[in-house]
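We count residues from 1, following the sequence as given.
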Amino acid sequence: MSNTPTTHDHHLPYAEDDLGEVDGASFSQSAAPDGRSVRVTGTCPRCHGSTGTEFRRGNPGTGTKGLFDRLSGRSGGTARSEPEPEPLHGEVHFCECGHGHPSIPAEVRFVGCGASWRIAP
Ligand SMILES: [Zn+2]
Ligand SMILES: [Zn+2]
């Protein structure tokens, strides 16, 4: 029983907490149907809310800076699933559980508990 049942801790105060590398067992990623973005979903290691972040693949020559641009909003299901390690392990993930945790600043980039982490390879 390595998995302790966890529930989303709505009372956890917001804090910009860098958790470092975490075990990515609860995280998965899937490619969007158009193949140009990758969605990483999982459970926030800090508040245990479900979080998901979409990364768009940049196309060289289209003026996109960097490999991935963060997208806001959530999309539906995916028609195919293609494991691509770059965003899962190469990006810093931020809690986007969508819950306004106590003490959350008025202007935040991601609505969540403020945690950020990397997923260990
Ligand atoms: Zn969180
Ligand atoms: Zn949360």
Side-chain angles (χ1 to χ4, degrees):
M1 50 174 261
S2 58
N3 272 338
T4 317
T6 49
T7 52
H8 194 170
D9 187 353
H10 288 139
H11 303 292
L12 193 69
Y14 180 95
E16 290 183 6
D17 197 355
D18 183 356
L19 303 176
E21 280 198 345
V22 304
D23 177 16
S26 74
F27 288 88
S28 62
Q29 71 175 9
S30 54
D34 65 5
R36 296 179 63 178
S37 60
V38 176
R39 182 165 177 77
V40 177
T41 53
T43 303
C44 172
R46 185 168 181 267
C47 72
H48 305 298
S50 64
T51 176
T53 306
E54 203 163 296
F55 299 92
R56 172 171 286 179
R57 285 188 164 283
N59 277 345
T62 57
T64 309
K65 276 185 274 180
L67 261 182
F68 295 100
D69 280 333
R70 194 172 276 275
L71 295 178
S72 61
R74 300 167 188 281
S75 60
T78 55
R80 62 172 186 170
S81 156
E82 225 173 73
E84 299 185 25
E86 302 96 340
L88 185 63
H89 298 300
E91 297 284 332
V92 175
H93 302 273
F94 294 85
C95 176
E96 292 185 66
C97 68
H99 177 70
H101 281 266
S103 307
I104 192 169
E107 289 183 23
V108 287
R109 288 171 66 200
F110 314 107
V111 176
C113 71
S116 62
W117 61 92
R118 283 180 176 275
I119 296 174

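Listed here is the closest heavy atom pair of V92 and S116: CG1-CB, 4.0 Å. Closest non-hydrogen pair, C47 versus C97, comes out as SG-SG, 3.9 Å. Heavy atoms only, all atoms of each residue included: L12 and P102 are closest at O-CD, 3.2 Å. Across all non-hydrogen atoms, the minimal contact from P45 to L19 is CB-CD1, 3.8 Å.
Scanning for salt bridge (Lys or Arg N to Asp or Glu O under 4.0 Å) contacts around D23 gives an empty result, with sequence neighbours left out. Listed by chain and number, the residues in a ring pair (Phe, Tyr, Trp, His ring centres under 6.0 Å) with F27 are W117 (sequence neighbours excluded).
Of the possible donor and acceptor atoms, none in the side chain of H48 sits under 3.5 Å from a partner among the backbone N and O of T7. Listed for the S37 side chain is no donor-acceptor partner under 3.5 Å among the backbone atoms of R56. Of the possible polar contacts, none joining the R46 side chain to the D17 backbone as a donor-acceptor pair under 3.5 Å is found. Here the side chain of H99 pairs no donor or acceptor atom with the backbone of H11 at under 3.5 angstrom.
For the side-chain contact (heavy atoms from CB on, under 4.5 Å) criterion with I119, the lone passing option out of H93, E21, E91 is H93. A side-chain contact (heavy atoms from CB on, under 4.5 Å) with C113 is found for exactly one of P13, S103, C95, namely C95.
How far OG1 of T41 is from CD of E96: 12.0 Å, rounded to the nearest 0.5 Å. The CZ atom of F110 sits 9.5 Å away from the OG1 atom of T51 when rounded to the nearest 0.5 Å.
Note: H101 and H8 have tilted aromatic rings, judged against thresholds of 30 and 60 degrees for the angle between ring planes.
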Exercise. For E54 and R39, what are the C-alpha separation, side-chain angles and deciding distance, and is it a salt bridge (charged side-chain N to carboxylate O under 4.0 Å, His left out)?
Worked result: CA-CA 4 Å; E54 203 163 296; R39 182 165 177 77; 3.8 Å; yes

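Within the 4.5 Å cutoff, the side chain of V108 has heavy atoms near those of the Y14 side chain.
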